[in-house]
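In what follows, a structure is listed as structure tokens, so that the remarks can point back to it.
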Amino acid sequence: MRRLEHFPNLVAMFFARARAEGDKPFLRRKVRGEWEATSWAETARQVASLAAALKAIGLQRGDRVMLVAENRPEWCISDLAIMAAGCVTVPTYVTNTTRDHTHIIENSGARAVIVSTAKLAATLMPAVVRASQAQIVIGMDEMRAPGGVDFHHWRTLVDAHPADPAEAEAAADFTREDLACIIYTSGTGGAPRGVRQHHGAILQNVAGTTEVIWADFPAEKEEAFLSFLPLSHAYEHTAGQFVPIGLHAQIYYAEGLEKLASNIEEVRPTVMVVVPRLFEVLKTRITKTIVKQGGLGARLFRYALDIGAKRAKGTLRWTDRPTALVVDTLFKPRIAKKFGGRLKAMVSGGAPLNPEVGRFFEAIGVMVLQGYGQTEAAPVIACNRPAAGIRMDTVGPPLGNTEVRIADDGEILVRGELVMHGYWRNEEETARVLRHGWLHTGDIGAFDEAGRIKITDRKKDLLINDKGDNISPQKVEGMLTLQPEIAQAMVWGDRRPYMVAVIVPDAEWMAEWCAGHGCRPGDFAADPGYRAALSAAIDRVNRDLSVTEKVRRFIPADAPFGIENEQMTPSLKIRRHVLREVYGERLDALYKG
């Protein structure tokens with residue numbers, strides 16, 4: 001079995017792969033209807049040149065550089081160049097608000113910002129101008145130079161500082177212990193925390209992940225990844241960028257979710273890094289398409305689901321074998337073609353995958369590997385693998401060289417090189433989650449008889465939407481209750497496409513509103529004007545929230561949250577699980593229709 005070489009840092013791994021692959025294609029994007037390729041050698045040249053340019057304009061080792069861009073070749077080149085220059089990448093979401101950018105710039109102390117488009121710069125630049133340290137801005141695309149900063153065009157910098165990749169590699173003499181990037185993730189207090197990922201943490205993730213692929217799947221002449229999750233997310237950053245580098249693989253940048261299906265057929269990826277929401281969307285589309293077509297295909301589809309259910313339960317009988325043979329030889333190859341024809345596996349992470357969804361894809365012949373991780377662990381901790389036997393209600397065994405144990409209270413603890421060195425400028429939170437070398441994940445779980453981890457609950461009070469984004473409900477709830485119309489709020493959206501809320505109106509405001517609108521007590525909740533007033537208050541809050549945090553729908557509470565009705569603790573914290581029991585059906589109904 002092949003194993004990843006022991007590299008001193010991520011830059012060394014990239015340059016080693018670039019030397020080995022030379023003029024073979026590496027990064028691909030769609031240009032005027034065709035997939036345009038940038039070779040490994042050309043990528044190495046641009047990385048070296050941009051690294052030299054960053055040094056020439058005054059950046060020094062250890063300086064933080066913020067990266068705000070959609071997935072594209074320049075993202076990968078910029079990330080590697082920042083590290084090659086000895087600096088630290090600070091990836092941020094393209095959906096961030098100006099306030100989000102301000103917090104990250106100030107907290108990280110970023111000295112420079114690389115931004116892709118004028119549209120993204122419009123949200124970013126007010127934060128840059130107000131920042132105390134960020135004085136350098138580099139634009140990938142054409143954009144007007146903002147006032148008050150040292151502005152550079154990305155391409156001009158690369159062209160003006162030609163550099164030898166070999167010399168750039170030699171200059172990158174930092175170690176696995178050195179800081180590679182700071183990835184911000186939401187905390188229970190609301191403000192995003194910067195996770196300090198060192199080179200060794202990501203390299204251990206790459207080693208463990210490539211070991212699964214090399215050991216459990218047949219070798220491909222050409223490995224290809226289709227990248228569409230945000231590279232600012234730790235999952236895509238590691239599994240969608242550095243794992244392909246470790247595998248000598250090509251990276252194709254998808255045109256967007258709306259074109260993902262056609263991109264898959266064109267690119268024919270061998271591995272895809274996905275989140276549960278994509279599986280749910282694909283499941284719905286596949287089912288509707290096949291059922292609508294009817295005929296033999298629909299019949300084979302029903303057979304496949306039936307055979308798949310029996311295989312999952314271990315109840316497949318010898319009398320089912322002829323049907324299973326028909327499904328395996330006639331139906332599954334047709335589905336495989338829709339996924340490009342050479343897909344080894346779709347690896348699901350970022351949020352829990354509904355086991356039933358996983359079993360659906362297993363039944364139609366698409367390999368699904370559910371993984372588990374946290375940004376604080378670079379981020380992959382465990383992953384299902386065929387060699388160990390796949391169970392859709394588990395997240396598989398831990399990666400190689402990763403220690404996992406279950407604490408007395410059931411919390412999952414992790415130790416190994418993959419664990420972060422702490423939160424950036426946040427010693428209190430670091431001390432809370434890192435104790436005696438163990439990362440306290442905040443998740444509750446257990447090992448099954450085969451050593452696979454099963455997640456049963458979460459201690460931490462974070463919501464994870466169906467795309468894998470972390471949302472701090474306390475942050476949103478705190479902002480809602482600052483509005484004069486709202487006294488209390490409970491935000492919900494775990495494993496869902498958007499946030500919803502239970503709203504307790506402010507008693508004084510409610511009395512004034514009813515008096516002004518002539519409504520009788522008990523009738524106001526159904527009044528459209530009353531709901532419109534609460535919606536207006538929520539809209540004011542939404543203006544300062546990122547796309548993933550916005551509250552899309554709400555229901556009024558039956559009564560205030562209190563200690564007496566057990567909806568609050570004695571220390572006046574809301575009991576989220578109690579409120580979920582009370583309002584669960586009504587909250588679920590907000591996602592229908």
Side-chain angles (χ1 to χ4, degrees), residues 63-72 74-75 78 82 88-152 154 181-187 189-195 230-233 375 423-426 465 467 469-483 491 498-499 536-552:
D63 283 344
R64 276 76 64 201
V65 180
M66 193 166 163
L67 180 52
V68 188
E70 67 283 8
N71 293 19
R72 54 194 286 178
E74 293 91 342
W75 206 108
S78 296
I82 291 166
V88 177
T89 305
V90 183
T92 59
Y93 289 101
V94 297
T95 54
N96 277 0
T97 64
T98 298
R99 189 175 67 174
D100 293 328
H101 286 317
T102 298
H103 168 72
I104 293 173
I105 291 174
E106 291 289 358
N107 185 260
S108 68
R111 284 200 60 214
V113 174
I114 299 177
V115 59
S116 60
T117 67
K119 181 180 179 180
L120 292 179
T123 304
L124 173 67
M125 291 319 301
V128 173
V129 171
R130 289 197 296 264
S132 57
Q133 294 190 56
Q135 300 299 320
I136 300 171
V137 175
I138 300 169
M140 293 180 185
D141 293 350
E142 288 297 321
M143 62 184 71
R144 292 179 60 185
V149 297
D150 181 13
F151 181 78
H152 303 268
W154 193 93
C181 58
I182 302 172
I183 296 186
Y184 279 80
T185 183
S186 297
R193 297 168 297 180
V195 176
L231 278 162
S232 50
H233 194 296
T375 304
Y423 295 112
W424 180 259
R425 294 177 176 173
N426 194 335
N465 68 11
K467 302 173 188 65
D469 300 312
N470 288 351
I471 295 100
S472 171
Q474 291 93 338
K475 169 189 172 182
V476 181
E477 289 157 0
M479 293 173 67
L480 288 169
T481 54
L482 288 175
Q483 303 303 309
V491 173
Y498 52 82
M499 296 296 108
I538 294 172
D539 288 342
R540 291 198 298 272
V541 173
N542 280 341
R543 285 198 289 267
D544 289 323
L545 293 174
S546 68
V547 172
T548 56
E549 294 170 320
K550 292 181 189 296
V551 175
R552 307 291 182 180

Run Val137 and Met125 through side chain to side chain contact (heavy atoms under 4.5 Å, CB included) and show every step you take.
CA-CA 9 Å; Val137 175; Met125 291 319 301; 3.8 Å; yes

Keeping Asp141 on the side-chain end and Ala118 on the backbone end, is there a donor-acceptor pair under 3.5 Å?
no

Residue pairs involving residues 95-125 (criterion ring pair (Phe, Tyr, Trp, His ring centres under 6.0 Å); sequence neighbours excluded):
none

Under the 3.5 angstrom rule, does the side chain of Asn71 hit a backbone N or O of Leu231 as a donor-acceptor pair?
yes

Rounded to the nearest 0.5 Å, what's the gap from CG on Asp544 to NZ on Lys550? Could you check?
8.5 Å

Side-chain heavy atoms of Ile105 within contact of Leu124, under 4.5 Å:
yes

Side chain to side chain donor-acceptor pair (under 3.5 Å) partners for Thr92, two or more places apart
none

What's the separation between atom CZ in Arg540 and atom CE in Met479, rounded to the nearest 0.5 Å?
12.0 Å

After noting the C-alpha distance and the side-chain angles of Asn107 and Tyr184, does the key distance pass the side-chain hydrogen bond (donor to acceptor under 3.5 Å, both in side chains) rule?
CA-CA 10 Å; Asn107 185 260; Tyr184 279 80; 2.7 Å; yes

What pairs with Asn96 under side chain to side chain donor-acceptor pair (under 3.5 Å), at least two apart in sequence or on another chain?
none

Minimum heavy-atom distance between Thr102 and Ala127, given as atom pair plus value
OG1-CB, 3.2 Å

Nearest non-hydrogen partners of Ala121 and Val115, listed with the distance
N-CG2, 3.8 Å

Nearest heavy atoms of Cys181 and Val88, plus distance in Å:
CA-CG1, 3.6 Å

Chi angles and distances behind the side chain to side chain contact (heavy atoms under 4.5 Å, CB included) call for Glu477, Val491:
CA-CA 6 Å; Glu477 289 157 0; Val491 173; 3.6 Å; yes

Would a 4.5 Å heavy-atom cut-off, applied to side chains only, mark Met66 and Val128 as touching?
no

Could you tell me whether a side-chain N or O of Thr481 sits under 3.5 Å from a main-chain N or O of Gly478, the two making a donor and an acceptor?
yes

Tyr93 side chain vs Pro230 backbone, donor-acceptor pair below 3.5 Å
no

Name all residues meeting the side chain to side chain donor-acceptor pair (under 3.5 Å) criterion together with Thr89; count only those two or more places apart in sequence or in a different chain, and write none if there are none.
Asp79

Atom of Leu67, atom of Ser78 and distance for their closest heavy-atom approach
CD1-CB, 4.1 Å

What pairs of residues pass the side-chain hydrogen bond (donor to acceptor under 3.5 Å, both in side chains) test when at least one of them lies in residues 110-127, not counting sequence neighbours?
Asp63-Arg111, Glu70-Ser116

Hey, does Lys467 have a side-chain heavy atom less than 4.5 Å from the side chain of His233?
no

Sequence neighbours left out, what passes side chain to side chain donor-acceptor pair (under 3.5 Å) with Asp539? Give chain and number order.
none

How many angstroms lie between atom CG of Asp469 and atom CG of Asn465, to the nearest 0.5 angstrom?
4.5 Å

To the nearest 0.5 Å, atom NZ of Lys475 lies from atom CG of Leu545 at 6.0 Å

Is Glu549 reaching over with its side chain to a backbone N or O of Ile471, donor-acceptor style, under 3.5 angstrom?
no

Nearest 0.5 Å please: distance from the CD atom of Gln133 over to the CZ atom of Arg64.
6.5 Å

If every non-hydrogen atom of Met140 is compared with every non-hydrogen atom of Trp154, which pair is closest and at what distance?
CA-CB, 3.6 Å

Between Asp100 and Ser546, which heavy-atom pair has the shortest distance, and what is it?
OD2-CB, 3.8 Å

Please report the interatomic distance CD1(Ile104) to CD1(Ile183), rounded to the nearest 0.5 Å.
11.0 Å

